[in-house]
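What follows is a single structure, written as structure tokens, with notes after it.
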Amino acid sequence: MKERTLRLDYTHYDLGNQNLTLQDYTGLAPGQYALMRARTSGDIVKAGFNFGF
């Protein structure tokens with residue numbers, strides 16, 4: 001008997017938010033800075049098919 005399987009995996013991840021302050025350390029624009037917010041999240045979908053003979 002030949003065995004066949006189908007597989008589907010779904011993963012959602014959320015690593016949260018981070019607020020960053022970027023400053024000018026080159027000396028070209030003293031006192032200048034920028035605020036940045038980064039969010040790390042995403043989705044992963046994996047599919048597989050196994051066939052035995």
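This is a predicted model, so every value here is computed, not measured.
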Item to complete: Kindly indicate whether the side chain of Asp14, heavy atoms from C-beta on, has any atom under 4.5 Å from the side chain of Arg39.
Response: yes
Worksheet item: Could you state the interatomic distance from NZ (Lys46) to CZ (Arg7), rounded to the nearest 0.5 Å?
Response: 6.0 Å
Worksheet item: Looking at residues at least two apart in the chain, or sitting in another chain, which of them share a salt bridge (charged side-chain N to carboxylate O under 4.0 Å, His left out) with Arg4?
Response: none
Discussion item. Using a 6.0 Å cut-off, check whether atom OH of Tyr10 has over 12 heavy atoms from anything other than its own residue.
Written reply: yes
Worksheet item: Roughly how far, to the nearest 0.5 Å, is the NE2 atom of His12 from the CD1 atom of Ile44?
Response: 10.5 Å
Fill in: Co-membership, hydrophobic cluster, residues Leu6 and Val45, 4.5 Å side-chain
no
Item to complete: Measure the CZ-OG1 distance between Phe49 and Thr5 for me, rounded to the nearest 0.5 Å.
Response: 7.5 Å
Worksheet entry | Atom pair CG (Leu20) and CE (Met36), whose distance is rounded to the nearest 0.5 Å | 5.0 Å
